[in-house]
Amino acid sequence: MPFRSGFVSILGRPNAGKSTLLNALVGEKLAIISPKPQTTRNRIQGVVHIPKSKGKEGGQIVLIDTPGVHKPDSSLGRKMMVEVREALEGCDLVLVILDVSRKLDPRDQFALDLVKQSKATAFLILNKIDVIREKSRLLPVIEDYRKLYDFAEVIPISALKRKGLDDLLKTILAALPAGPAYFPEDEITDQPARFMAAEIIREQVLLNTSEEIPYATTVVVDSFEEGNRLTRIAATIFCERGGQKGILVGKGGRMLKKIGTAARFEIERMLVTKVFLELYVKTEPGWRESRGFVEELDWRRQLEHRMLEQRPGASAAVPPSREPYRND
Ligand SMILES: Nc1nc2c(ncn2[C@@H]2O[C@H](COP(=O)(O)OP(=O)(O)OP(=O)(O)O)[C@@H](O)[C@H]2O)c(=O)[nH]1
Ligand SMILES: [Mg+2]
């Protein structure tokens with residue numbers, strides 16, 4: 001079998017387990033996870049390197065995790081759906097991931113409509129099979145879905161318990177074309193550490209707060225100075241109202257301290273340096289409705305801005321992701 005490679009988008013409703021699957025397949029935490037829907041807000045690329053073995057050349061699977069498919073009601077939601085559409089553009093395969101512990105409902109149709117429009121080859125991934133006692137209950141679900149789209153494969157998995165993932169990887173690789181390596185072997189994502197740090201802080205906000213706060217907050221890293229031993233990071237948590245700010249700061253600053261300590265610990269693990277983390281909370285009323293503010297949160301755009309600041313007049317395009325790294 002020749003070296004195979006391609007781009008594989010993970011698509012599904014909020015909370016289906018897309019990010020859990022990305023992390024499990026790549027073997028590193030690239031995307032934050034929470035029990036709350038709409039955790040992921042932008043597409044996240046993760047590379048699975050499949051080594052040569054027994055006469056097979058191996059390959060490279062470039063996975064793209066996406067925000068949960070939903071009907072947007074704000075600029076933020078619309079931007080999330082743009083991210084989903086961009087992930088579907090030109091990908092070789094789509095994994096439509098379904099939470100089997102939930103019944104099919106009209107909202108599932110949105111994800112299927114997107115696949116239909118893209119006309120991509122698609123696998124139906126039945127996730128969370130660990131919560132189903134009688135596996136025969138899966139059969140009617142598979143029937144229902146097969147009526148809605150002509151899936152090339154139907155694969156049951158548990159992303160959380162890492163069940164069925166080897167089979168899944170093999171089946172994905174076999175469905176990809178012969179192609180080049182898009183990334184060097186030691187690279188597993190294109191996300192800058194600076195953005196991942198912001199996401200780790202946001203994950204702590206999601207895990208430690210409730211009601212509207214998880215949806216009304218975003219995190220911006222204001223400065224990121226990486227040293228050999230110490231990384232200095234200053235970041236701002238934006239929320240929409242004074243009351244939310246009060247909760248995020250907490251009595252005597254306790255909540256902010258809790259979020260900061262847990263986030264610092266995780267960022268230290270990621271960077272393998274000590275981290276000095278300064279956190280601020282600011283209110284930005286209605287930021288989710290502001291197209292300009294939402295656009296500025298896009299790290300690809302932030303990167304372009306920084307490139308322009310450093311080299312005014314230079315072409316500021318972030319390199320296209322479909323450039324081969326080397327040709328075999
Ligand atoms: N029991 C069980 N829970 C799972 C499984 N996979 C994911 N989960 C849980 O489902 C919840 C949502 O997981 P995520 O990976 O954040 O889901 P997502 O599809 O990325 O969600 P959004 O980013 O909001 O669209 C988390 O609480 C996960 O721990 C699984 O295989 N079994
Ligand atoms: Mg997610």
Side-chain angles (χ1 to χ4, degrees), residues 8-46 63-74 76-88 94-102 105 107-108 110-112 114-115 123-135 137-138 141 154-169 189 191 195-196 198-200 202-210 212-219 266 288 297:
V8 179
S9 293
I10 308 175
L11 185 81
R13 273 179 55 180
N15 228 23
K18 299 176 292 299
S19 302
T20 307
L21 179 62
L22 174 85
N23 292 348
L25 291 178
V26 175
E28 289 282 341
K29 183 165 170 179
L30 296 180
I32 61 166
I33 289 165
S34 92
K36 288 159 189 140
Q38 297 183 20
T39 295
T40 305
R41 291 180 179 164
N42 62 292
R43 57 188 197 277
I44 298 171
Q45 204 161 276
L63 296 163
I64 308 165
D65 179 21
T66 62
V69 175
H70 66 290
K71 248 195 178 150
D73 59 1
S74 64
L76 175 64
R78 281 186 287 279
K79 167 77 176 151
M80 285 160 69
M81 288 308 296
V82 167
E83 292 278 311
V84 174
R85 290 207 174 82
E86 284 182 359
L88 286 175
V94 180
L95 307 179
V96 177
I97 173 163
L98 176 72
D99 175 347
V100 289
S101 65
R102 301 172 66 143
D105 81 38
R107 285 172 295 181
D108 291 293
F110 294 144
L112 288 169
L114 286 175
V115 190
F123 291 179
L124 178 63
I125 310 297
L126 305 172
N127 189 31
K128 309 199 187 180
I129 52 160
D130 54 298
V131 295
I132 301 279
R133 286 230 186 93
E134 288 170 59
K135 303 294 180 226
R137 277 184 48 202
L138 295 177
V141 179
V154 179
I155 304 171
I157 62 159
S158 166
L160 188 69
K161 308 276 180 199
R162 296 171 190 243
K163 290 255 164 67
L165 300 188
D166 287 345
D167 257 2
L168 175 60
L169 280 180
T189 189
Q191 288 184 103
F195 174 74
M196 286 171 83
E199 285 289 272
I200 290 169
R202 194 165 66 82
E203 184 176 46
Q204 288 306 322
V205 174
L206 291 175
L207 296 176
N208 286 291
T209 62
S210 58
E212 86 279 18
I213 295 180
Y215 307 101
T217 41
T218 189
V219 177
E266 275 235 22
R288 280 180 287 176
L297 294 173

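Note that the structure is predicted; figures quoted are calculated from it, not measured. Sequential numbering from 1 along the given sequence is applied to the chain's residues. Numbering of ligands and ligand atoms starts at 1, following listing order.
To the nearest 0.5 angstrom, Glu199 atom CD is 8.5 Å from Leu206 atom CG. For the atom pair CZ of Arg43 and CD1 of Ile64, the computed distance is 7.5 Å after rounding to the nearest 0.5 Å. Taking CZ of Arg202 as the start and CD of Gln204 as the end, the distance is 12.0 Å to the nearest 0.5 Å. Leu22 contributes atom CG, which lies 8.0 Å from atom OG1 of Thr189 (distance to the nearest 0.5 angstrom).
The Gly68 neighbourhood of ligand 1 comprises atoms 25 (O), with distances under 4.0 Å to a heavy atom of that residue. Annotation for ligand 1: atoms under 4.0 Å from non-hydrogen atoms of Val131 are 1 (N). Heavy-atom contacts of Gln38 reach the following atoms of ligand 1: 24 (O) (cutoff under 4.0 Å). Against a heavy-atom cut-off of under 4.0 Å, Pro14 is close to the following atoms of ligand 1: 25 (O).
Protein heavy atom in closest approach to atom 6 (N) of ligand 1: Asn127 ND2, 3.3 Å. For atom 13 (O) of ligand 1, the nearest non-hydrogen atom of the protein is Thr20 OG1, 3.5 Å. At the top of the distance list for atom 27 (O) of ligand 1, counting protein heavy atoms only, stands Pro35 CA, 3.5 Å. The shortest contact between atom 22 (P) of ligand 1 and any protein heavy atom is with Asn15 N, 3.6 Å. The single protein non-hydrogen atom nearest to atom 32 (N) of ligand 1 is Asp130 OD1, 2.7 Å, given as residue, atom name and distance. Regarding atom 30 (C) of ligand 1, its nearest protein heavy-atom neighbour is Leu160 CB, 3.3 Å.
A salt bridge links Glu266 with Lys29: the distance from a Lys NZ or Arg NE/NH1/NH2 to an Asp or Glu carboxylate oxygen falls below 4.0 Å. In this structure, Asp99 pairs ionically with Lys128, as a charged nitrogen and a carboxylate oxygen lie closer than 4.0 Å.
Residues Lys71 and Phe110 come closest through the heavy atom pair CG-CZ, 3.5 Å. Considering every non-hydrogen atom in both Thr40 and Ser19, the closest pair reads OG1-OG, 2.8 Å. Of all the heavy atoms in Asp73 and Arg78, the pair that sits closest is C-NH1, 4.3 Å. Of all the heavy atoms in Pro67 and Val84, the pair that sits closest is O-CG2, 3.4 Å. Between Asn15 and Lys18, the shortest heavy-atom distance links the atoms N-NZ, 4.1 Å.
Contacts between Pro37 and ligand 1, counted as non-hydrogen atom pairs separated by less than 4.0 Å, involve the backbone only. Residue contacts with ligand 1 for Ile33 involve both N, CA, C or O and side-chain atoms from C-beta outward (heavy atoms, distance under 4.0 Å).
Inclusion of Ala159 in the set of residues having an N or O under 3.5 Å from an N or O of ligand 1 is warranted. Residue-to-ligand polar distances keep Lys161 apart from ligand 1: every N/O pair is separated by 3.5 Å or more.
Distances from atom 17 (O) of ligand 1 to the heavy atoms of Ser34, Ala24, Gly17 show the closest one on Gly17. Scanning Thr40, Ile32, Thr66 for the heavy atom closest to atom 23 (O) of ligand 1 points to Thr40. In this structure, of Lys18, Arg41, Lys128, the residue bringing a heavy atom nearest to atom 9 (C) of ligand 1 is Lys128.
Backbone or side-chain N, O or S atoms of Thr40 reach the Mg ion (ligand 2) at under 2.8 Å. At a cut-off of 2.8 Å, Ser19 is counted among the residues with an N, O or S atom near the Mg ion (ligand 2).
Looking only at side-chain heavy atoms (C-beta outward), Ile125 and Leu98 stay at 4.5 Å or farther from each other.
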